[in-house]
Every structure is written in C-alpha cells, then in structure tokens.
Amino acid sequence: MRQSIFDPHVQAESPEAKIAVGLIRVGQALSAMRNSFAGDAGLSGLQVQLLIDLAASARLRGISHLAGRHGLTAATISDSIRVLAEKGLVTKSTSVADGRAVNISLTREGRHVAAAASEWAQMLVDVVSSWDEDRRGEVLAALVSLIGAMQREGWIQTDRMCAVCRFFERDRYPGTSSPHHCRFIDAPLRPVDLRIDCPDFEAVVNEIV
C-alpha cells in the first residue's frame, strides 16, 4: 500500500512529495484568503472566483466555459451567475455566434469587486518580484509543465498557454537565453516570457506538454 505524501517519513525521502505538499499548502492558503474576502463581501468563494476569472479573461465567457474551468455543472455556475447578476456585478447577453448561448460580462461594480478580490494575491507577486529572472523563468516553466500534465489527465480545462498553442516552438534556439519562439509575434521567447493565458492563443489538438 502506497504511503501518503503527507507522511513526514515519505517527505524526508522524497523531494517530489515535499514539492507536492508545498503546492497544496499554497493552494489552501490562497483559498482561505479568497473565502475570507468573500465572506466580508457577502459572496461565496465560487462567486468571487468567477468575478476574478471574468476580469482576467481577454474575451467574453459563457456558462459552459466557466463550468469546465471549475469542474462544476452548468447548473451550479448558472446559480452563482444569477446571484451575481442580482447583485449588479455581472450582466448576461445572448451570444452573437450562438443564439442559444449566454455570454457573461462584468459591470463596473463587478470589476471593482474583482479588483479588490485580487488584492490578496498581490503577496505572491511581491514575493516573486524579489527573485532574479532565471529563477522566475524556471518556476514559470515548471508551472506550465504541471498545468499541462493536469490538462492531459483531464483534471482541469485547457488554458490558453504557450505550451499548447500552435504558434509556439519549443527549444528552437537551444542553449540560448531565449530558447523558444512565438510565430504569432515572430520573436524568440525567454522562459520568463511564457504565458499561461494569452489572448492570441490558438489550440493545437492533442499536443499538451
């Protein structure tokens, strides 16, 4: 029987287990901070996260996209969106591309709340900003690989990131400080230039790294 990664003896012998536990601890802390803000704002943690997701998106989003991103049913997301609309934080409109679909967008007040809800994450930015560029690039590349693995397993919805974009060429310039290339902007990319959510993204089918 496999031992739990939370077992101190397992962690003592496995750097991989320590990394996994560390990521879980960070996730728990961020979730607690988000939920604390949500309680003060009279919202649920999911409702706050939906506002943040909508504010961070470069395009209009619908119920199905939000449901897939959170691994929840469309009915659960629709209920949260209904509450947010009643509070004047989002509006719903019929999709031009598909008359049966509904697009969700933030109101001015919704953007204000989303911005305030994101402030607790500034602590992460402050910590990371103290790292040198090489370290930031290494951590970003590791996160992209981890997200890609989770996508491959079907645990999370595909994000609009370099690793699964048709414009991305990995290691086109090996041994250089900018080893990758983006065909959309026709320019080399440093590890620190990799994006997790790019507005110019176009998917490559079955090519998750």
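Since the structure is predicted, the reported quantities are computational estimates derived from the model, not experimental observations. Every heavy atom of this structure was used, including side-chain atoms; hydrogens, water molecules and symmetry mates were not.
No side-chain heavy atom of Met161 sits under 4.5 Å from any side-chain heavy atom of Leu194. Leu51 has its side chain within reach of Val90: a pair of non-hydrogen atoms, C-beta onward, lies under 4.5 Å apart.
When the salt bridge (charged side-chain N to carboxylate O under 4.0 Å, His left out) test is applied to Glu138, no partner is found at least two apart in sequence or on another chain. For Arg172, the salt bridge (charged side-chain N to carboxylate O under 4.0 Å, His left out) partners two or more places apart in sequence, or in a different chain, are Glu169. Evaluation of the ring-ring contact (aromatic ring centres under 6.0 Å, His included) rule for His70 yields no partner, not counting sequence neighbours. By the side chain to side chain donor-acceptor pair (under 3.5 Å) test, Thr91 is found to be paired with Ser105, residues two or more places apart in sequence or in another chain being considered. The salt bridge (charged side-chain N to carboxylate O under 4.0 Å, His left out) check on Asp200 picks up nothing, with sequence neighbours excluded. Glu86 meets the salt bridge (charged side-chain N to carboxylate O under 4.0 Å, His left out) test with Arg82; sequence neighbours excluded.
Distance check: Leu43 CG to Asn35 CG gives 11.0 Å after rounding to the nearest 0.5 Å. Atom CG of Asp193 is separated from atom CD1 of Ile185 by 7.5 Å, given to the nearest 0.5 angstrom. For the atom pair CD1 (Ile104) and OG (Ser93), the distance works out to 7.5 Å, reported to the nearest 0.5 Å. Rounded to the nearest 0.5 angstrom, Met123 CE and Asp126 CG are separated by 8.5 Å. Remark: Thr76 OG1 to Leu46 CG distance equals 8.0 Å, nearest 0.5 Å.
Between the side chain of Ser80 and the backbone N or O of Ile77 there is no donor-acceptor pair closer than 3.5 Å. The backbone N or O of Ala74 sits less than 3.5 Å from a side-chain atom of Ser78, completing a donor-acceptor pair. Of the possible polar contacts, none joining the Ser36 side chain to the Ala32 backbone as a donor-acceptor pair under 3.5 Å is found. Of the possible polar contacts, none joining the Arg190 side chain to the Ser177 backbone as a donor-acceptor pair under 3.5 Å is found.
Hydrophobic clustering, with ILVMFWY side chains joined whenever heavy atoms are under 4.5 angstrom apart, keeps Ile147 apart from Val192. Clustering ILVMFWY residues whenever any of their side-chain heavy atoms sit less than 4.5 angstrom apart, transitively, puts Met33 in the very cluster that holds Val127. Note on Val83 and Ile81: separate hydrophobic clusters, where clusters join Ile, Leu, Val, Met, Phe, Trp and Tyr whose side-chain heavy atoms are under 4.5 Å apart, directly or indirectly.
Taking the six-membered ring where the residue is Trp, Tyr173 and His181 present perpendicular rings, their angle passing 60° and hence far from 30°.
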Verdict with reasoning, Leu146 to Leu23, per side chain to side chain contact (heavy atoms under 4.5 Å, CB included): CA-CA 11 Å; Leu146 179 59; Leu23 290 171; 3.6 Å; yes
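Side-chain N/O atoms of Glu16 and Ser14 include a donor and acceptor closer than 3.5 Å.
Taking every heavy atom of both residues into account, Ile52 and Ser118 meet most closely at CG1-OG, 4.0 Å.
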